[in-house]
Undergrad: 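Have a look at this one.
Predicted model, so just to flag it, every value in this text is computed and none were measured. So you know, we letter chains A, B, ... as the sequences are listed, proteins then strands, and number each from 1.
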Amino acid sequence: AQSVSQHNHHVILSEAASLELGCNYSYGGTVNLFWYVQYPGQHLQLLLKYFSGDPLVKGIKGFEAEFIKSKFSFNLRKPSVQWSDTAEYFCAVNAYGATNKLIFGTGTLLAVQP
Amino acid sequence: GAVVSQHPSRVICKSGTSVKIECRSLDFQATTMFWYRQFPKQSLMLMATSNEGSKATYEQGVEKDKFLINHASLTLSTLTVTSAHPEDSSFYICSAPTGTSGGALSTDTQYFGPGTRLTVL
């Protein structure tokens, strides 16, 4: 069965600090990978996704993620965070193919201090 | 972008009553929709896949007689929590994928509703 683990449950950063959130998945086949963000009081929004091709994926709001197949990882990065990046971040995976069921990680709550 | 709505956003009910939650895709059609449950400080757990014109597919451990799903049209799926109890209190979120396949491919982008907070007293 597929699973997703996010190692950082709660991260606190100051503005302008760099961010890296870890995500590892467990699945033997080809996967599609996603990062979603949930701002306070809002619904989940897609930050970025990886299906194939260049393993370095750029998303909205300056976020990027790198797929490292050998490590089963899809870590999210941002070189300089802003207070407005305060939110909960979820990594998700689905198996390549006909199913689009998403399996989510436990989420990482990011608090950016001004 | 595509918009998914849910109604109601919050509901409080007495134990033993049934509660219906609606999920609508406002500007696109979705043959498939998904229902998730989110406990406090936990991730989204997929409950079931709602299929227009056929029965829903439930994840292991989810009681289909407890959580009734009806995909009435290409833009509406409903989740009914029957005989709700306090342990059913949770945040319920739906999602709908878009794409030319009608949501059949894993590469379709999914859009999420704002969620429904259910509190059972």
Side-chain angles (χ1 to χ4, degrees), chain A residues 1-11 21 23-25 27 29-53 57 59-61 87-111, chain B residues 1-7 9-10 21 23-26 30-51 56-62 91-117:
Chain A
Q2 301 166 43
S3 66
V4 180
S5 61
Q6 292 180 241
H7 314 297
N8 315 102
H9 297 294
H10 197 178
V11 173
L21 301 181
C23 172
N24 287 91
Y25 67 92
Y27 183 67
T30 304
V31 294
N32 301 312
L33 297 154
F34 307 80
W35 275 97
Y36 283 85
V37 60
Q38 189 171 28
Y39 297 103
Q42 297 188 27
H43 58 272
L44 279 165
Q45 301 172 42
L46 181 67
L47 261 185
L48 48 78
K49 59 189 176 185
Y50 172 80
F51 294 157
S52 63
V57 180
I60 61 171
K61 304 187 181 186
E88 190 154 19
Y89 293 81
F90 293 95
C91 182
V93 61
N94 69 17
Y96 179 83
T99 176
N100 48 25
K101 295 194 299 186
L102 287 172
I103 307 301
F104 282 87
T106 50
T108 297
L109 190 59
L110 171 66
Chain B
V3 178
V4 174
S5 70
Q6 281 183 244
H7 179 80
S9 58
R10 292 177 183 271
I21 303 170
C23 175
R24 293 182 186 272
S25 55
L26 297 186
T31 55
T32 304
M33 291 184 178
F34 298 92
W35 286 96
Y36 295 84
R37 183 172 179 177
Q38 186 178 26
F39 291 101
K41 299 184 180 181
Q42 293 188 32
S43 187
L44 286 79
M45 298 299 296
L46 179 65
M47 297 175 65
T49 303
S50 174
N51 304 300
T57 307
Y58 291 83
E59 296 300 301
Q60 191 173 8
V62 178
F91 196 54
Y92 292 87
I93 303 172
C94 71
S95 73
T98 65
T100 55
S101 71
L105 295 179
S106 61
T107 50
D108 287 335
T109 297
Q110 289 204 39
Y111 291 87
F112 287 80
T116 297
R117 174 77 60 194

Undergrad: Passes side chain to side chain contact (heavy atoms under 4.5 Å, CB included), B:Phe34 versus A:Leu102? Steps please.
TA: CA-CA 9 Å; B:Phe34 298 92; A:Leu102 287 172; over 6 Å; no
Undergrad: Could you walk me through whether B:Gln38 and A:Gln38 pass the side chain to side chain contact (heavy atoms under 4.5 Å, CB included) test, one step at a time?
TA: CA-CA 13 Å; B:Gln38 186 178 26; A:Gln38 189 171 28; 4.0 Å; yes
Undergrad: Report which part of A:Leu44 has an atom under 4.5 Å of a heavy atom belonging to chain B: side chain, backbone, both, or neither.
TA: both
Undergrad: Out of curiosity, A:His43 NE2 to B:Ser95 OG, how far, rounded to the nearest 0.5 Å?
TA: 11.5 Å
Undergrad: For B:His7, look at atom NE2 and say whether over 12 heavy atoms of other residues, nucleotides or ligands are found less than 6.0 Å away.
TA: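 Not buried by this count: 12 neighbours or fewer within 6.0 Å.
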Undergrad: Need one label for A:Ile103: side chain, backbone, both or neither, based on atoms under 4.5 Å from any heavy atom in chain B.
TA: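 It is neither, since no heavy atom gets under 4.5 Å.
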Undergrad: Heavy-atom distances under 4.5 Å only: say whether B:Tyr36 touches chain A with side chain, backbone, both or neither.
TA: side chain
Undergrad: Taking atom types as modelled, find out whether B:Thr49 and A:Lys101 have a side-chain donor-acceptor pair closer than 3.5 angstrom.
TA: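 No.
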Undergrad: Counting only heavy atoms closer than 4.5 Å, note whether B:Leu44 contacts chain A via side chain, backbone, both or neither.
TA: both
Undergrad: How long is the span from the CD atom in A:Gln45 to the CZ atom in B:Phe112, to the nearest 0.5 Å?
TA: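 These two atoms lie 11.5 Å from each other.
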Undergrad: Using side-chain heavy atoms (C-beta onward) and a distance below 4.5 Å, is B:Gln110 in contact with A:Tyr36?
TA: yes
Undergrad: Under a 4.5 Å heavy-atom cut-off, does chain B meet the side chain of A:Gln6, its backbone, both or neither?
TA: neither
Undergrad: Side chains of B:Thr109 and A:Phe34: does their closest heavy-atom pair fall under 4.5 Å?
TA: no
